[in-house]
Amino acid sequence: MSLNAKDKSNVKAIFAKAEPRAEEIGVEVLSSRYSRHCISFICLFILLLLFRLFTVYPQTKSYFSHWKDFTAGSAEVRKHGLTVMQGVLRAVDMMDNLNTSLLSLSELHAFKLRVDPANFKIISHNILLVLAMLFPDDFTPDVHVSVDKFLAQVNLALSVKYR
Ligand code: HEM
């Protein structure tokens, strides 16, 4: 299912919307539940995303057996979360050319990391969930459809080298 012009603008808007709310979100949420060291929106997103991923789908931790600390806010979780989110944000920028722009990432996950591609669906579900939690007013059904379609395209592009 390809992205139409409305989908593209919805996807760009919800990811762009995040930045100005960083401080507000950081103070309200991070100070109580998460590390105080990481106060940008992106850090919060990462903490929620990976925290949910590893808690609700603990089998995903098996790919990170070299990590020492899986708790929300650990240096490893923060560093890797940022890496994944940079990948997603790059995909937002390159949404017209996903297969090419994510090709080397697909190769890495398929042949070096040997990640079961079923996990791409799990992480997409969590990305949707965290966006809905952080931006309930912006996360209209219309936006939900667009982001869902976008993440499905990202998954397809990440799965290219598995075929
Ligand atoms: C939206 C989906 C995803 C994106 C955009 C993404 C992106 C990335 C990026 C950018 C890297 C670093 C690549 C490099 O070092 O050159 C990476 C590494 C990695 N990814 Fe993913 N990833 C995704 C999904 C997943 C999933 C679902 C898993 C497993 C559950 C996974 C497991 C890993 C592992 C194990 C590494 C290496 C981490 C390390 O060296 O400590 N990724 N990913």
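Counting starts at 1 for both ligands and their atoms, in listed order. In what follows, residues are counted from 1 in the order of the sequence shown. Atoms considered below: every heavy atom in the structure, side chains included; atoms not considered: hydrogens, waters and symmetry mates. Bear in mind that the values here come from a model prediction, so they are computed numbers and not experimental data.
- At a cut-off of 2.8 Å, measuring from atom 21 (Fe) of ligand 1, the protein N, O or S atoms that fall short of it are H109 NE2, waters left aside.
- Contact annotation for L158 and ligand 1: only side-chain heavy atoms (C-beta onward) come within less than 4.0 Å of the ligand.
- Ring geometry, F64 versus F54: the interplanar angle exceeds 60°, so the pair is classed perpendicular (tilted spans 30 to 60°).
- No path of Ile, Leu, Val, Met, Phe, Trp and Tyr side chains, each step under 4.5 Å between heavy atoms, connects L103 with V92, placing them in separate hydrophobic clusters.
- With rounding to the nearest 0.5 angstrom, the CZ atom of F150 is 8.5 Å from the CD1 atom of I127.
- With respect to the salt-bridge test (charged N to carboxylate O, under 4.0 angstrom), the residues D93 and K12 do not qualify.
- Here the two rings, on H109 and F120, have centers that are under 6.0 Å apart.
- More than 12 heavy atoms of other residues, nucleotides or ligands shown are found within 6.0 angstrom of CZ on R163.
- Within a 4.0 Å radius of atom 15 (O) of ligand 1, the protein contributes no heavy atom.
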field: Derivation and outcome, side chain to side chain contact (heavy atoms under 4.5 Å, CB included), residues T140 and F135
entry: CA-CA 9 Å; T140 59; F135 305 106; over 6 Å; no

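- Here is the list of ligand 1 atoms found below 4.0 Å of a heavy atom in W67: 41 (O).
- Once rounded to the nearest 0.5 Å, the distance linking OG1 of T60 with CD1 of I123 reads 8.0 Å.
- Looking only at protein heavy atoms, the nearest one to atom 27 (C) of ligand 1 is N119 O, 3.3 Å.
- Distances between N or O atoms of H66 and those of ligand 1 include at least one value under 3.5 Å.
- Residue nearest to atom 32 (C) of ligand 1, selected from F64, Y57, Y63: F64 (by heavy-atom distance).
- If you chain together hydrophobic residues whose side chains sit under 4.5 Å apart, V88 and M94 never meet in one group.
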